[in-house]
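Accompanying notes for the structure given below.
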Amino acid sequence: NTVRDGRTAPQRIEIDPSALSKILSQTIILEVSDTNNLPFRIAGTTVCEFLGAEMRGRNFMELWTPSDRRKLQSTFDTALATGMPVTANVSSRAFVNAVQTSELLLLPLHDLREQPTRLLGSWSQESPPTQIGISGRVVKQHSLSALSSSWPSGTIAPPATFEATA
């Protein structure tokens, strides 16, 4: 909230990577061109190991089933229009039927014109690491068990500074 300074979302140039050093391996940045196509700009090493591949340039939305894509797209549209954070609980299943639960947090970032151009977030495993994306145990399916976009309790929402485009 300090960086946001009463605005809908902080500008991406205001984010100091050194402030994220403890979670850098779990950090992701998605480019917002439209909510059907959200390429990874950055994916930390833990995220890439979990997903079993280098993710830079890949479309985040292709990780999900069509049903979950629709839910994510709607939630991202709201988050980008309001600056609200997105949280999701995720279950990931590997070819060997190992299941890993994780939490995804994404926060909108604006450019100098105060338009949403990135989603900054973290993807961290909640259950003990099983490295389901490593050593041939490639993740084959991700599913949402919970998804929300809302202001944290006690947070005063800033006024929207732009209109969402269709």
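Just so you know, these numbers come straight off a predicted model, no measurement behind them. Numbers for residues simply follow the sequence, beginning at 1.
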Self-check item: Reported CD1-to-CZ distance for the pair I42 and R56, which is rounded to 0.5 angstrom
Solution: 7.0 Å

Quiz item: Residues in side chain to side chain contact (heavy atoms under 4.5 Å, CB included) with V32, at least two apart?
Solution: L38, L80, L119

Exercise. Please list, chain by chain and in numerical order, all residues satisfying side chain to side chain donor-acceptor pair (under 3.5 Å) with W123, sequence neighbours excluded.
Key: S102

Practice problem: Report the residues that fulfil salt bridge (Lys or Arg N to Asp or Glu O under 4.0 Å) with R69, sequence neighbours left out, ordered by chain and then residue number. | Solution: none

Self-check item: Set of side chain to side chain donor-acceptor pair (under 3.5 Å) partners for D34, sequence neighbours left out
Solution: none

Self-check item: L147 side, atom CG; T75 side, atom OG1 - distance, nearest 0.5 Å
Solution: 3.5 Å

Quiz item: Between S145 and N89, is any side-chain donor less than 3.5 angstrom from a side-chain acceptor?
Solution: no

Exercise. Indicate yes or no for a side-chain donor-acceptor contact from T82 to the backbone of M84 under 3.5 Å, with no hydrogens or angles considered.
Key: yes

Quiz item: Among pairs that include at least one residue of residues 35-46, which meet salt bridge (charged side-chain N to carboxylate O under 4.0 Å, His left out), considering only residues two or more places apart or in two chains?
Solution: E31-R41

Exercise. Could you go through the side-chain contact (heavy atoms from CB on, under 4.5 Å) check for L51 and L63 one step at a time?
Key: CA-CA 9 Å; L51 296 173; L63 297 173; 4.2 Å; yes

Self-check item: Gap separating the CD atom of Q73 from the OG1 atom of T78, nearest 0.5 angstrom
Solution: 10.5 Å

Quiz item: With respect to S92, which candidate in Q100, Q125, H142 satisfies the side chain to side chain donor-acceptor pair (under 3.5 Å) definition?
Solution: H142

Quiz item: Which heavy atom of A79 sits nearest a heavy atom of P108, and at what distance?
Solution: O-CG, 3.5 Å

Quiz item: Where is the tightest heavy-atom contact between L144 and A88, given as atom of each residue plus distance?
Solution: CD2-CB, 3.9 Å

Quiz prompt | Value rounded to 0.5 Å, distance of CD in E49 from CE in M55 | solution = 13.5 Å

Practice problem: Start with the C-alpha distance between V90 and T101, add both sets of side-chain angles, then the distance that settles side-chain contact (heavy atoms from CB on, under 4.5 Å), and finish with yes or no. | Solution: CA-CA 6 Å; V90 179; T101 58; over 6 Å; no

Exercise. Output yes when a side-chain donor or acceptor of S25 lies under 3.5 Å from a complementary backbone atom of T46, and no otherwise.
Key: no

Quiz prompt | F60: partners by ring-ring contact (aromatic ring centres under 6.0 Å, His included), with sequence neighbours left out | solution = F40, W64

Quiz item: At what distance, to the nearest 0.5 angstrom, does OG of S122 lie from CG of L107?
Solution: 8.0 Å

Quiz prompt | Working for side-chain contact (heavy atoms from CB on, under 4.5 Å), residues S74 and K71 | solution = CA-CA 5 Å; S74 176; K71 292 174 193 171; over 6 Å; no

Quiz item: Distance from T117 atom OG1 to L30 atom CG, nearest 0.5 Å?
Solution: 11.5 Å

Quiz item: Who passes side chain to side chain donor-acceptor pair (under 3.5 Å) against T87, sequence neighbours left out?
Solution: S148

Practice problem: State which residues pass side chain to side chain contact (heavy atoms under 4.5 Å, CB included) with S143; sequence neighbours excluded, sorted by chain then number. | Solution: D68, S91

Self-check item: Residues which pass salt bridge (Lys or Arg N to Asp or Glu O under 4.0 Å) with E62, listed by chain and number, not counting sequence neighbours
Solution: none

Self-check item: Nearest heavy atoms of L105 and P85, plus distance in Å
Solution: CD1-CB, 4.3 Å

Quiz item: What pairs with E103 under side chain to side chain donor-acceptor pair (under 3.5 Å), at least two apart in sequence or on another chain?
Solution: none

